[in-house]
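For reference, the structure is listed below as structure tokens.
Here is the naming used below: chain letters follow the sequence lines, and residue numbers restart at 1 for every chain. Just so we're clear, the structure is a prediction, and the values are computed from it rather than from any experiment.
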2 protein chains.
Amino acid sequence: MTATLRMTHQREIILQELSRCGTHPTADDLYEHVRKQLPRISLATVYRNLEILSEAGLIKKLEVSGRRKRFDWDLAEHNHISCMKCQRVDNIDTTAAQVDTLSSGRHKGYTLTGLRIEFIGLCPTCRLHSEEHKEKGEQTMGCRKSTTSTLGDQQRQVLEALAQTATPCGSKDIAAATGLESKQISCQITALKKKGYVESPARCRYEITEQGKQILSQ
Amino acid sequence: MTATLRMTHQREIILQELSRCGTHPTADDLYEHVRKQLPRISLATVYRNLEILSEAGLIKKLEVSGRRKRFDWDLAEHNHISCMKCQRVDNIDTTAAQVDTLSSGRHKGYTLTGLRIEFIGLCPTCRLHSEEHKEKGEQTMGCRKSTTSTLGDQQRQVLEALAQTATPCGSKDIAAATGLESKQISCQITALKKKGYVESPARCRYEITEQGKQILSQ
DNA sequence: ATGTAATTGATAACTATTATCATGTCAAGA
DNA sequence: TCTTGACATGATAATAGTTATCAATTACAT
């Protein structure tokens, strides 16, 4: 395991593409899009980074059925609905109450740590074009949603630590304050900067922005 | 596509092993067990038959997360709970009411055709041996359950047709009576014989047993 | 500005599954 | 009971999706 996560150009573009498309792309989907900006990027780099970034809590790895893994920029807890035909995956809102009804209590001696709900159906597009497009209908990654993404747990922790201190601080200070592994700090900070919640008045010094304070108070 | 499904020795043993183990084995799990009775069987045969048998409705293919497909002898509608650590899969009971709450209404314009609920947790064994077995804990297919399996749709149809006629009849008659593709009849009959719901008084002649009448009236 | 651990691109390796094909076998009808 | 041809099998190659390897490059704390 590494001690520090770096925000490389490749990583930045991958995050950017994932945030731009409102969908739940596979590694390969993203590769095709990232390639337009970084023609020399390797598919392995995309796979590697999606794995690393999801472990670091910057993005989410989806556990939906099907052979290919999918990734999600939206860190908020939510379930999914997928199309039988084109495999496209969309978000659904299941209220906490509904989920609680199902997950309350222990089952078969298991200690419950999660619940995965996946609706299966035919998406509007596939229903219409029901005859024509045979199996070819793999989703095109359009920009359907201007994602207002939620903070990940670690991002929130970092932001809270920055809110506490008056003076701009370095990543070591943040590591100490949050108790987080220093490995992920700098990467989280870069992500927070991109979102506009953090700024850097001097090299390696960071402070929270007004926008950052606002999102914390929500 | 084939016109008739045959009940080969390999298919019989695969079904037998799947019915004996109360678990939800992968193709490879089953291969290892079937091999004890048929040392010359090919892994491809196991994969092929699991696919064919699930298409014919004799068994069920599970769509749980994780990379490997799993199969189920129990044809009744039910959901699953899987262990984060050893990937083992068990059944859970979710009442129709609970599921209805979740699945009622349309979502995002999708036409709903299914709902998949998967609980994630740590199974009792993994919780206990939490430190020792590292990743090696892939389930051993024990005989934990004496499965009283439910009839598949097609099996029920065949059985109902047999219940209607007084005299033992051949598979063509059954095909005509049920309107099912003749392809699956003989295979379904063999399965029903194994379950004790059908018997054959003469070659290629079949009739329903007392037990068979009983299960129909449930 | 610098040293070094983290990351990259290229590619081999890997896991799970499906396809191919020559050979063998099941089962409906005679 | 025998025949016959469609169906199934075993061995193995091929495929899809992902992960591992490694020499060369690069981001970043100091």
Checklist entry - Could you state the OH-C1' distance from B:Tyr31 to D:dT12, rounded to the nearest angstrom? => result 12 Å

Item to check | Protein proximity profile, nucleotides 20-25 of chain C - base contact B, sugar-phosphate-only contact S, no contact -, cut-off 4.0 Å on heavy atoms | outcome: B----B

Checklist entry - How many angstroms lie between CG in B:Leu50 and CD in B:Glu55, if you round to the nearest 0.5 Å? => result 12.0 Å

Checklist outcome for this item: Picking from C:dT8, C:dA10, D:dT9, the nucleotide nearest the side-chain atoms of B:Thr8 would be D:dT9

Checklist entry - Atom CG of B:Leu38 to atom P of D:dA11: distance rounded to whole Å? => result 12 Å

Checklist entry - With sugar-phosphate meaning primed atoms plus P, OP1 and OP2, does A:Asp28 contact a base, only sugar-phosphate, or nothing at under 4.0 Å between heavy atoms? => result nothing

Item to check | Main-chain N/O of B:Tyr197 paired to B:Thr209 side chain as donor or acceptor, under 3.5 Å | outcome: yes

Next on the checklist: Go through it in stages, so that I can follow the logic: the residues are A:Ile59 and A:Asp72, the test is side chain to side chain contact (heavy atoms under 4.5 Å, CB included), and I'd like the CA-CA distance, side-chain angles, deciding distance and then a yes or no.
Outcome noted: CA-CA 6 Å; A:Ile59 65 176; A:Asp72 198 343; over 6 Å; no

Item to check | Closest nucleotide among C:dT7, D:dA11, D:dT9 to the A:Arg11 side chain | outcome: C:dT7

Checklist entry - Rounded to whole angstroms, how far apart are CD1 on B:Ile52 and P on C:dT17? => result 16 Å

Checklist outcome for this item: Taken to the nearest whole Å, CZ/B:Arg70 to C1'/C:dA16 is 13 Å

Item to check | From D:dC28, D:dT18, C:dT17, nucleotide with atom closest to A:Met7 side chain | outcome: D:dC28

Checklist entry - Could you give the distance from CG (B:Asn49) to CD (B:Gln10), rounded to the nearest 0.5 Å? => result 7.5 Å

Checklist entry - Hey, is the side chain of A:Arg40 poking within less than 4.0 Å of OP1 or OP2 on C:dA10, counting only N and O atoms? => result yes

Checklist entry - Considering heavy-atom distances to DNA chain D, does B:Ser42 or B:Arg67 have its closest nucleotide positioned more toward the 5' end? => result B:Ser42

Checklist entry - What's the CD-C1' distance between A:Glu12 and C:dT7, to the nearest Å? => result 15 Å

Next on the checklist: Please tell me if A:Gln10 has a side-chain N or O lying less than 4.0 Å from either OP1 or OP2 of D:dA27.
Outcome noted: no

Checklist entry - Do NZ/NE/NH1/NH2 and the carboxylate oxygens of A:Lys61 and A:Glu51 come within less than 4.0 Å? => result yes

Checklist entry - Going from CZ on B:Arg35 to OG on B:Ser42, what distance comes out if it is rounded to the nearest 0.5 angstrom? => result 10.0 Å

Item to check | Length of the line joining A:Leu5:CG and D:dC28:C1', which is rounded to integer Å | outcome: 13 Å

Item to check | d(CD, A:Glu32; P, D:dG17) in whole Å | outcome: 12 Å

Item to check | Distance (rounded to the nearest 0.5 Å) between A:Leu43 CG and A:Arg48 CZ | outcome: 10.0 Å

Checklist entry - Is any side-chain N or O of A:Tyr47 closer than 4.0 Å to OP1 or OP2 of D:dT18? => result yes

Checklist entry - Between A:His9 and B:Lys69, which is nearer to the 5' end of DNA chain C once each is assigned its nearest nucleotide? => result A:His9

Next on the checklist: Roughly what angle, to 10°, lies between the helix axis at the start of the helix from C:dA1-D:dT30 to C:dA30-D:dT1 and the one at its end, five pairs per end?
Outcome noted: 40°

Next on the checklist: Nearest 0.5 angstrom please: B:Leu53 CG to B:Phe71 CZ, how far?
Outcome noted: 9.5 Å

Checklist entry - Under 4.0 Å between a Lys/Arg side-chain N and an Asp/Glu carboxylate O for B:Lys213 and B:Glu210? => result yes

Checklist outcome for this item: So CZ of A:Arg11 and OG1 of A:Thr45: to nearest 0.5 Å the spacing works out to 9.5 Å

Checklist entry - What is the distance from CG of A:Leu53 to P of C:dA6, rounded to the nearest Å? => result 16 Å

